J.: 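One structure is given below, represented as structure tokens, and several questions about it will come after.
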Protein chains: 2
Amino acid sequence: MISAIQMEALLKYMSSHIQLSPEEEAFLLSKVFVRKYLKGQYIVQQGDVCKYECFVLSGCTKMFYVDDEGQEHIIMFSIEDWWTSDMGSFITQTPADFNIQCLENTVLVMFSYDVIEELYANIPKLERFFRQIIERAFVASQKRIVRNFALTAKDRYLYFRKQYPKIEQRIPQYMIASYLGITKEFLSKVKSQLILEQ
Amino acid sequence: MISAIQMEALLKYMSSHIQLSPEEEAFLLSKVFVRKYLKGQYIVQQGDVCKYECFVLSGCTKMFYVDDEGQEHIIMFSIEDWWTSDMGSFITQTPADFNIQCLENTVLVMFSYDVIEELYANIPKLERFFRQIIERAFVASQKRIVRNFALTAKDRYLYFRKQYPKIEQRIPQYMIASYLGITKEFLSKVKSQLILEQ
DNA sequence: AAATAAGGTTAATCTAGTTTAACATTTACT
DNA sequence: AGTAAATGTTAAACTAGATTAACCTTATTT
């Protein structure tokens with residue numbers, strides 16, 4: 001279900017945030033499993049219930065919403081050592097508003113709803129850990145709302161490039177445009193202006 | 001520090017989400033205090049450390065960011081039975097990016113950083129409760145990002161009006177415009193178009 | 001009741017970003 | 001290597017929403 005190398009990667013991530021006893025680590029590992037997806041495959045589709053919170057061991061995903069006009073709006077990317085799920089769907093176990101799709105071949109550790117609840121019940125430290133992760137994600141989300149209001153497209157792009165240099169390398173430009181809330185054509189224009197400036 | 005009526009209001013809210021024993025309730029109440037603010041007063045100012053998570057017993061607040069041009073961007077409003085704090089500042093105990101100001105005379109139950117930690121340590125149910133609150137806030141924040149991308153100003157306004165009819169009544173229109181990410185002039189135009197339509 | 005301040009409206013002008021469409025470049029596949 | 005598909009660029013025409021500025025309406029204060 002989960003190889004020694006994968007276990008190690010997950011525990012290494014965990015231990016950089018909380019200290020688990022060997023028993024707690026073993027308990028955690030006994031409850032989760034690993035799943036591999038190919039580039040292009042969907043982890044969650046709009047309308048399905050999101051059954052897992054997924055920890056990314058390797059690869060890259062995008063979470064996005066498709067609006068009434070069929071336009072895609074990218075909410076977030078996830079790479080190694082980050083999480084992905086439609087949390088709204090997961091916590092209520094109702095149909096998802098968002099899609100999650102792999103932009104590369106991707107390996108995930110899958111935490112089901114019941115497993116998460118069991119882990120919270122048995123290892124209070126883990127509930128604390130997840131609370132803190134979500135707190136940070138919420139803060140980041142609020143700050144993104146403000147940036148979208150207060151900054152121009154150019155400054156949002158510069159911020160993204162500075163904040164997520166690793167992600168920019170791996171992802172087609174038209175998806176970055178979608179994440180920034182602008183068209184690919186306009187991002188292209190912004191980039192050519194930036195080149196002229198320096 | 002906290003009156004019987006105020007205690008009752010806080011416990012009523014709590015009990016609609018979690019079940020606390022009388023001892024746990026008493027412990028909680030012994031750790032918090034109530035503070036009253038007048039209309040216009042600041043609970044948190046950009047640059048200060050946010051020392052409390054505040055539960056709103058009565059009144060109304062706005063949280064906002066002031067950008068380099070001096071423009072105000074409203075992130076959220078809080079009314080009765082909701083929480084307010086600059087969570088980014090609170091969880092790291094570093095200077096706040098945002099301001100929180102009272103739009104009416106406001107009565108708050110104040111949870112300091114140390115008290116929150118103590119409550120988490122002594123009442124695991126409370127940590128669970130706060131985790132769930134933040135999960136929901138995060139989901140709402142992500143959905144707001146998507147709405148800001150996918151909807152026109154008019155549709156964002158209609159959504160706001162439908163979702164928060166009570167808040168709309170209490171708040172000047174120019175602040176709703178700021179929350180929606182548009183100018184007061186444009187919101188005025190949107191509203192007059194809506195009147196013509198029906 | 002007048003005066004002031006705070007909030008809201010209207011309209012003309014302007015601009016950041018969109019749309020459309022044609023073309024260029026890179027990547028992946030046989 | 002050659003072709004198709006995916007990604008990126010450029011430029012002209014357009015639009016949602018911003019800006020400016022003048023005016024109107026409603027509360028609040030004296």
Side-chain angles (χ1 to χ4, degrees), chain A residues 38-41 60 62 64 66-74 77 101-105 145-161 167-197, chain B residues 38-41 60 62 64 66-74 77 101-105 145-161 167-197:
Chain A
L38 296 175
K39 179 175 174 172
Q41 285 187 318
C60 180
K62 66 171 174 180
F64 62 101
V66 179
D67 70 21
D68 300 339
E69 275 90 51
Q71 261 218 288
E72 226 179 90
H73 301 276
I74 296 181
F77 301 109
Q101 191 182 16
C102 297
L103 302 178
E104 305 172 358
N105 295 344
I145 289 175
V146 173
R147 282 197 304 275
N148 288 344
F149 286 157
L151 300 184
T152 62
K154 180 174 153 189
D155 288 339
R156 271 179 278 151
Y157 170 62
L158 288 172
Y159 180 88
F160 175 81
R161 206 164 70 167
I167 294 183
E168 202 198 355
Q169 309 310 314
R170 289 162 77 162
I171 284 171
Q173 198 169 301
Y174 71 90
M175 291 190 192
I176 292 169
S178 172
Y179 176 85
L180 296 173
I182 58 177
T183 59
K184 59 187 167 51
E185 291 86 355
F186 192 63
L187 179 54
S188 188
K189 199 171 171 180
V190 163
K191 286 184 81 167
S192 63
Q193 277 172 1
L194 283 171
I195 289 163
L196 288 178
E197 276 172 25
Chain B
L38 295 176
K39 179 174 175 174
Q41 286 187 318
C60 180
K62 66 171 174 180
F64 62 101
V66 179
D67 70 19
D68 299 339
E69 276 91 50
Q71 261 218 287
E72 226 181 89
H73 301 277
I74 295 180
F77 301 108
Q101 190 181 16
C102 297
L103 302 177
E104 302 172 359
N105 295 344
I145 288 175
V146 172
R147 283 196 305 276
N148 288 343
F149 285 157
L151 301 183
T152 62
K154 180 175 153 186
D155 288 338
R156 272 179 277 151
Y157 170 63
L158 288 172
Y159 180 87
F160 176 80
R161 207 164 70 167
I167 294 184
E168 202 198 355
Q169 308 311 313
R170 290 162 75 161
I171 284 171
Q173 198 169 297
Y174 71 89
M175 291 189 192
I176 293 170
S178 171
Y179 176 86
L180 296 173
I182 58 178
T183 59
K184 59 188 168 53
E185 290 86 356
F186 193 63
L187 179 54
S188 187
K189 197 171 172 180
V190 164
K191 286 185 82 168
S192 65
Q193 277 172 0
L194 284 170
I195 289 165
L196 288 178
E197 276 171 25

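It should be emphasised that the depicted structure is a prediction, and the values quoted were computed from it without experimental measurement. Just so we're on the same page: letters track the sequence lines, and every chain starts at 1.
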J.: Output the residues of residues 180-188 of chain A in contact with DNA chain D, where contact means a heavy atom of the residue under 4.0 Å from an atom of the strand; sort by number or write none.
T.: A/E185, A/S188
J.: Mind checking salt bridge (charged side-chain N to carboxylate O under 4.0 Å, His left out) for B/R170 and listing every partner two or more places apart, or none if nothing turns up?
T.: B/E80, B/E104
J.: Starting from P on D/dG17, measure out to CD on B/Q71 and report it in whole angstrom.
T.: 16 Å
J.: Taking only residues two or more places apart in sequence or in another chain, which ones pass side-chain contact (heavy atoms from CB on, under 4.5 Å) with A/D67?
T.: A/Y65, A/E69, A/Q71, A/H73, B/A150
J.: Could I get the full list of side-chain hydrogen bond (donor to acceptor under 3.5 Å, both in side chains) partners for A/R147, not counting sequence neighbours?
T.: A/Y159
J.: Taking all non-hydrogen atoms of both residues into account, name the closest pair between B/F77 and B/I176 and its distance.
T.: CZ-N, 4.5 Å
J.: Give me the atom names and distance for the closest heavy-atom approach of A/F64 to A/I74.
T.: CB-CA, 3.9 Å
J.: Partners of A/K191 by side-chain hydrogen bond (donor to acceptor under 3.5 Å, both in side chains), sequence neighbours excluded?
T.: A/Q173
J.: Using a heavy-atom distance cut-off of less than 4.0 Å, which residues of residues 167-178 of chain A contact DNA chain C?
T.: none
J.: What is the distance, to the nearest angstrom, from the CD atom on A/Q193 to the C1' atom on C/dG17?
T.: 11 Å
J.: Can you list the residues that meet the salt bridge (charged side-chain N to carboxylate O under 4.0 Å, His left out) rule with A/K62, with sequence neighbours excluded?
T.: A/E72
J.: Need the bend value for the helix from C/dA1-D/dT30 to C/dT30-D/dA1: angle between end axes, 5 pairs each end, nearest 10°.
T.: 50°
J.: The criterion is salt bridge (charged side-chain N to carboxylate O under 4.0 Å, His left out); which residues satisfy it with B/K154, sequence neighbours excluded?
T.: B/E197
J.: What integer distance in Å separates A/K39:NZ from C/dT27:P?
T.: 11 Å
J.: Would you mind reading off the distance between A/K189 atom NZ and C/dT20 atom P, rounded to a whole angstrom?
T.: 16 Å
J.: Tell me, which of residues 145-160 of chain B have any heavy atom that sits under 4.0 Å from an atom in DNA chain C?
T.: none
J.: Is there a donor-acceptor pair under 3.5 Å between the side chain of A/N105 and the backbone N or O of A/L38?
T.: no
J.: Looking at residues at least two apart in the chain, or sitting in another chain, which of them share a salt bridge (charged side-chain N to carboxylate O under 4.0 Å, His left out) with A/E168?
T.: none
J.: A/F160: what forms a ring pair (Phe, Tyr, Trp, His ring centres under 6.0 Å) with it, not counting sequence neighbours?
T.: A/Y164, A/Y179
J.: Please give me the minimum heavy-atom distance between A/I182 and A/A153, naming the atom from each residue.
T.: CG2-CB, 3.7 Å
J.: Locate the shortest heavy-atom distance separating B/C60 from B/I171; write the atom from each residue and the value.
T.: SG-CD1, 4.0 Å
J.: Using atom NZ of A/K191 as one end and atom P of C/dG17 as the other, report the distance to the nearest whole Å.
T.: 17 Å
J.: Over how many whole Å does the gap from A/E72 atom CD to D/dT7 atom C1' extend?
T.: 14 Å
